[in-house]
Amino acid sequence: MKTRKNIYLGLGIAIITIDIFLTCIVYYDFKRSYRHLNYTIILLPLQVLLIPALLFLFGAYRVQKKINRQNRNALLNAIN
């Protein structure tokens, strides 16, 4: 389960990093080309990448909760 948690965490962080770089690249490219343009309309489709990234991070959180629960149960079983 730790491997799955690390994969989810790595994918989530990688997608967020890619989104930040793409947003910066597109913003500066359009800022250089077009002076009077609403950047929100252009940058909004890039923010769709945040949805799977947040899902991966939430998945990593849930797996960590499951790992903690198993460790707690193992400790209680060892005491009994």
Side-chain angles (χ1 to χ4, degrees):
M1 270 202 273
K2 290 183 181 181
T3 304
R4 186 171 60 173
K5 180 192 82 160
N6 290 335
I7 289 172
Y8 285 168
L9 202 61
L11 284 173
I13 291 171
I15 292 173
I16 288 175
T17 306
I18 289 169
D19 181 54
I20 290 171
F21 284 133
L22 285 176
T23 303
C24 290
I25 289 170
V26 169
Y27 176 74
Y28 288 121
D29 188 38
F30 276 104
K31 187 176 179 182
R32 194 171 12 148
S33 301
Y34 306 105
R35 300 271 182 220
H36 306 288
L37 191 63
N38 189 359
Y39 299 112
T40 307
I41 296 170
I42 296 168
L43 297 176
L44 191 61
L46 284 176
Q47 304 314 312
V48 174
L49 287 174
L50 289 178
I51 295 170
L54 292 176
L55 289 176
F56 280 126
L57 292 177
F58 183 69
Y61 170 74
R62 289 186 60 185
V63 170
Q64 182 61 43
K65 278 180 47 177
K66 188 182 280 188
I67 291 170
N68 290 342
R69 190 173 342 132
Q70 285 181 350
N71 289 342
R72 189 173 41 238
N73 287 340
L75 184 62
L76 287 174
N77 291 337
I79 291 173
N80 293 333

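Sequential numbering from 1 along the given sequence is applied to the chain's residues.
Using a 4.5 Å cut-off between side-chain heavy atoms of Ile, Leu, Val, Met, Phe, Trp and Tyr, with links allowed through other members, L57 and M1 fall into different hydrophobic clusters. Note: the hydrophobic cluster containing Y28 also contains L22 (ILVMFWY, side chain heavy atoms under 4.5 Å, direct or indirect links).
Residue N71 holds its CG atom at 7.5 Å from CD1 of I67, rounded to the nearest 0.5 Å. With rounding to the nearest 0.5 angstrom, the CG atom of L49 is 8.0 Å from the OG1 atom of T23.
The side-chain hydrogen bond (donor to acceptor under 3.5 Å, both in side chains) check on Q64 picks up K5, N68, with sequence neighbours excluded.
Residue A53 comes nearest to G12 through the heavy atom pair CB-O, 3.7 Å, listed as atom of the first residue, atom of the second, then distance.
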(message) Quick one, I7 with T3, criterion side-chain contact (heavy atoms from CB on, under 4.5 Å). Give me CA distance, side-chain angles, the key distance, then yes/no.
(response) CA-CA 6 Å; I7 289 172; T3 304; 4.0 Å; yes
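In summary, of the residues considered (I13, I16, L11, I51), a side chain to side chain contact (heavy atoms under 4.5 Å, CB included) with F56 occurs for L11 alone. The side chain to side chain contact (heavy atoms under 4.5 Å, CB included) with L46 is formed by just one residue from the set D19, I18, I25, I20; it is D19.
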